[in-house]
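Letters A, B, ... mirror the listed sequences (proteins, then strands); counts begin at 1.
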Amino acid sequence: MKCVIAGAHLRVFGRAIHAIARISDEFSFDPIEKGVVKTYNLTCQECDPLQAVFAKHMCPNILKVHPRLLADIMIHFPTSQEEVTLSVTPMKVCFKSYTEEDTDFSKTMLTEIQLNPDEFDYFQVGVDSEVTFCLKELRGLLAFSEATSVPVSIHFDVSGKPIAFSIEDMVLEASFILATLSDVEKETASQQPPDFSQLQESLKTGMGKSGTNSMDKDSNPEAVASRKPPWDGSAPNTEPAKPVSLLAKQEIKSIPRIMMREVTGMEGTAMTETEGHAVLGGEARESHYQKFHSLFFGAVSCKEQDAISHTFHSLATASDTEEDFGNVQSSQVL
Amino acid sequence: MRFRAKIVDLACLNHFSRVINTIAKLAKTCALRLTVSKLYFILSDKVANGGVSMWCELCQGNFFDEFQMEGVAAEHNEIYLELVPENLSRALKTAQNAKAVKIKLTNKHCPCLRVAVELPSLSSSSRMVTHDIPVGVIPRRLWNDFREPSVPDFDVSIYLPVLKTMKSVVERMKNLSNSIVIEANLSGEMNLKIETDLVSVTTHFKDLGNPPWASEDGCQSSTQSRDLESMAEARIDIRKLLQLLAGQQVNPTKALCNIVSKRIVHFILLHEDVSLQYFIPALA
């Protein structure tokens, strides 16, 4: 495979790499055409792209904001801040440090930012909600979107349902879909954690041939998958004993695979695939208060002719293998 | 116990932030003492600090537009809080163009200093950023630990060289040695010396001037009878000296040090409305 990126696109590509680098040690990309400026040899691995489904257009809450504003908000949080809570009502928007029952308040500095809905380019709150997601991973997107100066759209629902941060312009669309902490997870005592070891194995083999490098090391310490299906409100959990794709046990060092394609407007490149690809990030911590991060990153060509182009086929099922493929897949459609 | 204060003037806010930044570089945790007219940041000389102590005093009127304090009791109208100055520094860092900053002592889950920053925004109403900084309330029985240190009976008192120069000299010396000798005499001469097995380096400063200290009882101070050329010296931890020099964000109006030979070096940095005293004990 020979890949070439021309001119100004290189800058955007570079920013995308930076964004990805905050999430993962590896990435992969599909071939592009034309315009040799420089040649870089990058190692990459074959893998099976993951698929996911997330219906953005069905989210009751939509905010649209210039990335500069988001950056101005996030700057008030320390860089070590892992999770933030976004709380909205039709009257106000608030970002605050995430706290849980056993937070030691005497040792933790808490920050809260209150904004007026006026500050947003588009503000729609269909349901009051409070969603908690991973800030660290979002910072990657923020850096990337500032390079493009394209407004960021935030689609979300109630806690537990995913939140999507997306940008779209002439040449690309990018989406970061993050899991949010589910309130339901607090009552989970009775449910046994699903059988993770199988999932772990399936992730490994599904990811293609690489026994060597990143499988064995902690490639993504900050990406943690929830123990419970984060969107458990809506997904029919028909197989309680089977792991929902995002669930991962402690030892999983699964590889986030990020696929992003950039299509230059002028080239009319035929896209061979119309689906976006996704990423599953890996490692669950065993705390009775679920820690989580699940991160998907999908980019879809604007040339996509797919009738349901707004539905991102980008929810990681992560079990593209013999074993759990059928079962897991069905429980993931939103 | 109540405390609330407000800053609306940007220059005052920036000045206050700079003071806090300096304190944050000198102490990981320190005491904040609030009285009706002043704020003090105090680090008492515990073994944990390596015997270093700090006393920083500000007149609240020079910074705050509003300042209301009610101490623990009528006869003891003061509040002592233990805090991590770095937290305060961080809260103020992003308030550089604030319309107003309010600081209030609260007790929601635990005692906190709530810093509320009102920022301008594109919309009709301001953006509000609130930081809750946890603090510890220091009980009255421990207040004695935080008394103002007295000026030691020094052998030599001398004005410091330009801090920036002194800092760059000390920075380079830090790579060669862990300890540094400061010596000075009453003729305005100061030497900074390091010595290792391989090398010894001395930087000489002269014409620094010696501050005139009036003694309390009007008679000759002990330094008057001292030989003008004779050096008083102390060997101190170089990193502590560098912490002091590197933390200075603004050039002080006056900077001097008092050396008690082989015992302690007492630094005094004076700005218009802030005074900072820093004590570094001599190494054995």
Side-chain angles (χ1 to χ4, degrees), chain A residues 63-125 130 135 139 142 149 151-152, chain B residues 13 17 20-21 23-24 28-32 81-139:
Chain A
L63 308 176
K64 201 162 168 184
V65 67
H66 195 272
R68 186 73 249 162
L69 174 69
L70 268 185
D72 283 346
I73 293 169
M74 299 314 172
I75 203 172
H76 297 288
F77 294 102
T79 40
S80 57
Q81 182 77 35
E82 301 238 342
E83 286 115 7
V84 291
T85 301
L86 165 60
S87 167
V88 295
T89 71
M91 308 300 294
K92 70 174 175 64
V93 179
C94 168
F95 287 87
K96 52 192 178 185
S97 326
Y98 169 61
T99 59
E100 48 188 4
E101 281 155 7
D102 52 1
T103 301
D104 185 356
F105 290 100
S106 65
K107 295 210 168 49
T108 327
M109 179 165 154
L110 300 178
T111 300
E112 180 175 316
I113 299 140
Q114 297 233 359
L115 302 123
N116 193 292
D118 294 359
E119 296 214 55
F120 292 81
D121 296 343
Y122 180 78
F123 181 82
Q124 169 188 311
V125 170
E130 227 178 65
L135 175 60
R139 289 194 193 269
L142 291 186
S149 290
V152 176
Chain B
L13 177 59
S17 301
I20 303 300
N21 293 343
I23 303 292
K28 204 153 159 243
T29 312
C30 71
L32 167 60
L81 301 170
E82 186 180 28
L83 56 66
V84 172
E86 173 63 33
N87 286 340
L88 191 50
S89 177
R90 240 184 47 213
L92 296 173
K93 193 156 79 147
T94 50
Q96 293 314 300
N97 59 338
K99 286 157 114 174
V101 173
K102 292 189 194 158
I103 305 180
K104 185 169 116 163
L105 186 58
T106 66
N107 193 352
K108 205 162 72 161
H109 303 272
C110 69
C112 278
L113 273 184
R114 170 163 292 178
V115 179
V117 181
E118 189 186 337
L119 291 167
S121 80
L122 300 165
S123 82
S124 47
S125 56
S126 309
R127 210 182 285 172
M128 290 297 302
V129 182
T130 313
H131 301 274
D132 281 339
I133 300 169
V135 296
V137 177
I138 301 176

Checklist line | Portion of Ser97(A) that has a non-hydrogen atom of chain B nearer than 4.5 angstrom | finding: neither

Notebook entry, point to check: Atom CG of Asn87(B) and atom CE of Met109(A): how far apart are they, to the nearest 0.5 Å?
Noted result: 5.0 Å

Item checked: Among the listed options Thr130(B), Val84(B), Leu119(B), Ile133(B), the residue most often paired with chain A at heavy-atom distances under 4.5 Å -> Thr130(B)

Notebook entry, point to check: So, Lys96(A) and Glu130(A), do they make that salt bridge, N to O below 4.0 Å?
Noted result: yes

Check: With a 4.5 Å limit on heavy-atom distance, are the side chains of Leu69(A) and Leu115(A) in contact?
Finding: yes

Note to self: So for Ala91(B), is it side chain, backbone, both, or neither that comes closer than 4.5 Å to the heavy atoms of chain A?
What the structure shows: both

Notebook entry, point to check: Which atom pair, heavy atoms only, marks the closest approach of His131(B) to Thr94(B)?
Noted result: NE2-OG1, 4.4 Å

